[in-house]
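A quick write-up on the structure given underneath.
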Amino acid sequence: MLSLLVNLLFLGCQGDSEFARIMSIVDPNNSGAVTFQAFIDFMSRETTDTDTADQVIASFKILAADKTFITAEELRRELPPDQAEYCIARMAPYTGPDAAPGALDYMSFSTALYGESDL
Amino acid sequence: MNIYSVNLSGPAPWGFRLQGGKDFSMPLTVSRLTPGGKAAQAGVGVGDWVVSISDTNAEDMTHVEAQNQIRAATDSLTLTLSK
């Protein structure tokens with residue numbers, strides 16, 4: 001779960017400078033590894049709960065090529081297999097007006113991760 | 001403790017943010033209301049506890065279960081809350 005969140009947030013970064021900034025905070029020793037504590041400290045400092053859910057949504061949106069839903073195929077293509085299967089198993093089907101067969105609702109999934117849903 | 005029920009006419013959006021759930025070790029509450037939205041108009045208050053959703057007891061629901069129950073309501077949504 002943690003690695004999924006790290007993946008999604010880094011994928012959602014706007015550009016290399018943002019990525020470098022975040023990496024310098026969560027991995028100050030440049031070890032190439034992010035500890036759980038460093039990640040949590042970073043998230044507590046940088047974001048409110050709502051911002052975090054929005055950031056995760058924004059990251060999924062990039063993976064979904066700007067669509068309001070994502071497909072299992074896109075998840076398997078973009079995420080490591082265990083994370084992709086984690087998402088696919090838990091995402092509800094997307095039922096919006098623009099839904100397609102196999103559409104998955106990443107927005108509800110993201111807000112539910114943080115225990116907040118706009119209904 | 002003041003328990004009351006509201007019946008909101010569909011369709012969604014119902015105009016509130018649901019927070020908490022068994023998996024977050026927090027009661028299900030209304031953490032935000034859309035000004036002028038259906039929930040606000042019905043008298044729902046920020047901080048109110050969600051006791052039941054569509055006549056199903058919400059006390060042991062995880063966040064996703066509660067979310068799905070609410071999403072399953074299309075024509076109308078009945079909520080029992082506690083102030």
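To find a chain, count down the sequence lines: A is the first, B the second, and so on, and within it residues start at 1.
B:Phe16 and B:Leu33 get closest at one heavy-atom pair: CB-CD2, 3.8 Å.
Distance alone, capped at 3.5 Å, places no donor-acceptor pair between the A:Glu116 side chain and the B:Gln19 backbone. Between the side chain of B:Lys38 and the main chain of B:Pro11, a donor-acceptor pair closer than 3.5 Å is present.
When side chains are defined from C-beta on, A:Leu104 does not count as touching A:Glu74, because their heavy atoms never get closer than 4.5 Å. Side chains of A:Leu75 and A:Phe60 form a contact here, defined as non-hydrogen atoms less than 4.5 Å apart.
Contact residues of residues 47-65 of chain B toward chain A are B:His63, B:Val64 (heavy-atom distance under 4.5 Å).
Heavy atoms of B:Phe24 lying under 4.5 Å from chain A belong exclusively to its side chain. With a threshold of 4.5 angstrom between heavy atoms, B:Leu18 approaches chain A through its backbone and through its side chain.
Under the 4.5 Å side-chain heavy-atom criterion for grouping Ile, Leu, Val, Met, Phe, Trp and Tyr, B:Leu77 is connected to B:Val46 within one hydrophobic cluster.
Residues passing the side chain to side chain donor-acceptor pair (under 3.5 Å) test with B:Arg71 are A:Ser108, sequence neighbours excluded.
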